[in-house]
Asker: 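Sharing a structure here in structure tokens format.
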Amino acid sequence: MTKITPRPPKGFRDFLPADMLKRDYVFGIITDTFHRFGFEPLQTPIVELSETLYGKYGEEAENLIFNVRHGRSDKDELSLRYDLTVPLARVVAQYESELTFPFKRYQIAPVFRGERPQKGRYREFYQCDADIVGVANRSADAELVALKVMALKRLGFPQFSVKINHRQLLTAIGEYSGVPKDQLPDLYRSVDKFDKIGAEGVEKELVTRGIDADVVKRMMSLITNQQTGANNLDYLEEVLGHVPQAQTSIKELREMATYMDVMGVPTDHYAFDLTMVRGLGYYTGPIFETVITEPNLGSISGGGRYDDLIGIFRKDSLPTTGTSFGIERILVLMDELNLYPAHIGGTVVDVLVTVLDESIRPESMRLAAELRNAGINTELFLDDKKLGKQIAYADKKKIPLIAIIGEDEIKAGQVKVKQMTSGEEMMLSRTAFLQSVKALLHR
RNA sequence: GUGGGUGUAGCUCAGCUGGUCAGAGCGUCUGGUUGUGGCCCAGAAGGCCGUGAGUUCAAAUCUCAUCACUCACCCCA
């Protein structure tokens with residue numbers, strides 16, 4: 001019989017226990033931060049009706065969306081969810097009467113893309129979103145920035161900055177400079193590459209796309225004027241103060257700055273950066289993107305206001321703003337920057353209880369049960385092997401403590417505990433045993 | 001969709017111009033130590049050299065095809 005080659009489908013990954021412990025650690029911190037800000041969990045199916053997804057992405061979706069084939073004939077066309085935002089919009093429109101607004105939900109879950117995978121890009125990857133539905137006030141946007149900053153700090157990132165821009169401000173700048181309305185999407189797309197191809201590259205690309213060279217020059221000089229903090233806003237107000245749309249959006253950004261200040265967001269963790277654009281077309285207000293600044297490692301989080309999206313499913317849309325952590329990227333950087341605490345990565349097991357021979361096994365089991373009842377993660381050696389092998393097993397799995405119990409210990413009412421890192425052993429009386437183990441585990 | 005690269009043991013790979021080329025390291029297992037891991041030593045298991053055709057006296061090695069994986073571009077997160 002020929003063996004089946006074991007492999008996951010293209011673009012899909014397995015996460016072995018050592019990886020999962022790290023992922024759970026990161027997910028845990030972010031989840032806890034969501035809770036601190038009053039966000040609550042939502043789960044939706046990984047498949048949606050194709051029409052639900054195609055509504056937003058249109059024809060190009062054909063290449064992006066991962067479709068699902070059902071064996072038997074089934075009228076419903078199904079697709080794997082492409083992101084978590086569209087399902088959110090669907091849920092809000094569908095359960096409007098049951099939800100309490102503002103609706104603050106988070107979701108950490110896998111999404112799927114039909115594209116060909118490449119480095120760091122998969123067909124299945126996790127997204128991690130928190131959104132606020134039903135609040136037009138800028139305090140919602142400011143809260144998301146505060147949330148981002150707290151989560152990243154708690155994960156241990158030392159240097160990062162939330163870049164903040166405003167979609168309407170960019171539109172105002174574009175129109176003020178003379179960019180035709182129908183070419184605004186091109187403008188966003190090109191400026192989005194600023195980090196990658198630089199100012200010259202953006203200029204060149206915009207001219208290639210057919211925008212007048214003088215117009216491009218004027219626009220670029222406005223957005224590349226980089227000054228720190230609110231100074232940037234002062235400058236823009238000077239130049240664009242008479243353009244109504246610009247005036248409103250500058251005012252909104254100022255409001256955000258005020259709120260963030262009051263919430264204690266340090267000013268070195270955010271900046272107004274007019275070259276930052278998010279590619280997605282659905283943003284309508286403030287937009288943000290977080291970058292690791294030192295070392296320069298790129299974007300790890302994005303987001304913004306998209307007041308029109310829910311209108312796909314509903315007569316009137318609802319004001320909505322959201323943030324998304326680039327969780328897969330964050331996980332890679334956590335490794336590269338060595339941000340995991342020492343106890344993450346090896347095993348969940350605190351203590352391995354040895355079994356010296358069959359006659360001792362019941363006593364070992366009793367000991368394991370005592371440890372477990374005391375809240376200590378305990379593994380009982382299940383196989384029948386020499387003590388040396390049992391210790392080697394603990395070593396390989398990086399289990400910190402071993403409890404050895406044999407005839408001698410039983411007679412004396414003792415347990416021998418070995419610390420794996422030092423190799424140090426100590427005889428403990430059975431009565432003091434649990435306390436000592438907890439002390440060794442720093443609990 | 002376009003263009004590169006790579007397929008040899010569980011893993012990482014070496015095998016140059018075709019002829020002791022079926023190998024190394026790591027890992028696994030056993031023993032040296034009948035109750036003590038990491039180091040060391042000895043030994044063992046494990047591969048029709050991605051698949052199919054062709055050239056040749058002879059192919060892991062050359063040619064063609066095919067499949068798989070991978071990287072970059074496009075696009076996006």
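This is a predicted model, so every value here is computed, not measured. Labels below follow one simple rule: chain letters A, B, ... track the order of the sequence lines, proteins then strands, and each chain is numbered from 1. All heavy atoms count here, side chains included; hydrogens, waters and symmetry mates do not.
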Asker: What integer number of Å spans the P atoms of B/A59 and B/G18?
Answerer: 13 Å
Asker: Answer yes or no: is there an ion pair linking A/D408 with A/K416, defined by an N-O contact shorter than 4.0 Å?
Answerer: no
Asker: Just how far, in rounded Å, is P of B/G35 from CG of A/D357?
Answerer: 8 Å
Asker: What nucleic acid atoms does A/G423 come within less than 4.0 Å of, heavy atoms only: base, sugar-phosphate, or nothing?
Answerer: base
Asker: Roughly how many Å apart are B/U66 and B/U6, using the C1' atom of each and rounding to a whole number?
Answerer: 16 Å
Asker: Using the P atom as the point on both nucleotides, what is the distance between B/G47 and B/A9, in whole Å?
Answerer: 10 Å
Asker: Need one value for A/E409: base, sugar-phosphate or nothing, where a base atom within 4.0 Å counts as base even if backbone is also close, heavy atoms only.
Answerer: base
Asker: May I ask you to check whether A/Y122 and A/F12 place their ring centres under 6.0 Å from each other?
Answerer: no
Asker: Rounding to the closest angstrom, what is the interatomic distance between B/A14 and B/C29 at atom C1'?
Answerer: 25 Å
Asker: Let me confirm one number: the CG-CG distance from A/L53 to A/L78, rounded to the nearest 0.5 Å.
Answerer: 10.0 Å
Asker: Between B/G25 and B/G15, how far apart are the two C1' atoms, rounded to whole Å?
Answerer: 15 Å
Asker: Suppose you measure atom C1' in B/G32 against the same atom in B/C13; what distance do you get, rounded to whole Å?
Answerer: 31 Å
Asker: Rounded to the nearest Å, what distance is computed from the CZ atom of residue A/R123 to the P atom of nucleotide B/U70?
Answerer: 10 Å
Asker: Does A/R113 qualify as a cation-pi partner of A/Y82, given the criterion of NZ or CZ under 6.0 Å from the six-membered ring centre and within 45 degrees of its axis?
Answerer: yes
Asker: In whole Å, what is the span from the NZ atom of A/K119 to the P atom of B/C71?
Answerer: 6 Å
Asker: OP1, OP2 of B/U33 versus side-chain N and O of A/K386: anything below 4.0 Å?
Answerer: no
Asker: Quick check, are the ring centers of A/H35 and A/Y106 under 6.0 angstrom apart?
Answerer: yes
Asker: Specify the residue among A/S299 and A/P117 whose closest nucleotide of RNA chain B lies further upstream toward the 5′ end.
Answerer: A/P117
Asker: Expressed in whole Å, how much space separates the P atoms belonging to B/U70 and B/U8?
Answerer: 14 Å
Asker: Compare every heavy atom of A/T347 with every heavy atom of A/K398, then report the nearest pair and how far apart it is.
Answerer: O-CG2, 3.6 Å
Asker: Would you kindly give the CG-to-P distance between A/L356 and B/U36, to the nearest whole Å?
Answerer: 10 Å
Asker: Respond yes when some side-chain nitrogen or oxygen of A/Q118 is under 4.0 Å from OP1 or OP2 of B/C71, and no when none is.
Answerer: no
Asker: Side chain of A/D408: nearest nucleotide among B/G35, B/U36, B/A77?
Answerer: B/G35
Asker: Please check the phosphate of B/C69 (OP1 and OP2 only) for any side-chain N or O of A/R7 closer than 4.0 Å.
Answerer: yes
Asker: Which whole-number value in Å describes the distance from A/Y282 OH to B/C76 P?
Answerer: 13 Å
Asker: Ignoring hydrogens and geometry, is there a side-chain-to-backbone donor-acceptor pair from A/N165 to A/L274 under 3.5 Å?
Answerer: yes
Asker: Is the number of heavy atoms from other residues, nucleotides or ligands within 6.0 Å of CD (A/Q43) greater than 12?
Answerer: no
Asker: Can you see which heavy atom on A/R305 is nearest to which on A/P319, and at what distance?
Answerer: NH1-CB, 3.7 Å
Asker: Under 4.0 angstrom, heavy atoms only, what part of the nucleic acid is A/Y122 near: base, sugar-phosphate, or nothing?
Answerer: base
Asker: I want to confirm an ordering. Mapping A/K385 and A/E328 to their closest nucleotides on RNA chain B, which one lands closer to the 5' end?
Answerer: A/K385
Asker: For RNA chain B, which ranges pair as stems of 3 or more consecutive Watson-Crick or G-U pairs, with both donor-acceptor distances under 3.5 Å?
Answerer: B:1-7 with B:67-73, B:10-13 with B:23-26, B:28-32 with B:40-44, B:50-54 with B:62-66
Asker: Considering only atom C1', compute the distance from B/C26 to B/C73 and round it to an integer number of Å.
Answerer: 37 Å
Asker: Could you tell me whether A/K163 and A/E289 make a salt bridge, using a distance below 4.0 angstrom between a side-chain N and a carboxylate O?
Answerer: no
Asker: Base, sugar-phosphate, or nothing for A/I402, non-hydrogen atoms under 4.0 angstrom?
Answerer: nothing
Asker: Indicate yes or no for a side-chain donor-acceptor contact from A/D141 to the backbone of A/P286 under 3.5 Å, with no hydrogens or angles considered.
Answerer: no
Asker: Write down the protein N/O and nucleotide N/O pairs, taken from nucleotides 1-6 of chain B, whose separation is under 3.5 Å; answer none if there are no such pairs.
Answerer:
unit_1	atom_1	unit_2	atom_2	d
B/U2	O4	A/R116	NH1	3.0

Asker: Using a heavy-atom distance cut-off of less than 4.0 Å, which residues of residues 388-400 of chain A contact RNA chain B?
Answerer: A/G388, A/K389, A/I391, A/A392, A/D395, A/K396
Asker: Whole Å only: how far is the CG atom of A/L352 from the P atom of B/U36?
Answerer: 16 Å
Asker: For residues A/S299 and A/R329, is any side-chain donor paired with an opposing acceptor at under 3.5 Å?
Answerer: no
Asker: Would you say the side chains of A/Y283 and A/Q168 form a donor-acceptor pair under 3.5 Å?
Answerer: no
Asker: Taking the side chain of A/K10 as its heavy atoms from C-beta onward, which of B/G35, B/C75, B/C69 lies nearest to it?
Answerer: B/C69
Asker: Between atom CG in A/L64 and atom P in B/A77, what is the gap in whole Å?
Answerer: 9 Å
Asker: A/M420 has an atom CE; how far is it from atom P of B/U36, in whole Å?
Answerer: 14 Å
Asker: Base, sugar-phosphate, or nothing: which does A/E425 touch, judged by heavy atoms less than 4.0 Å apart?
Answerer: base
Asker: Please determine if A/K104 and A/D131 form a salt bridge, counting it only when a charged side-chain N lies under 4.0 Å from a carboxylate O.
Answerer: no
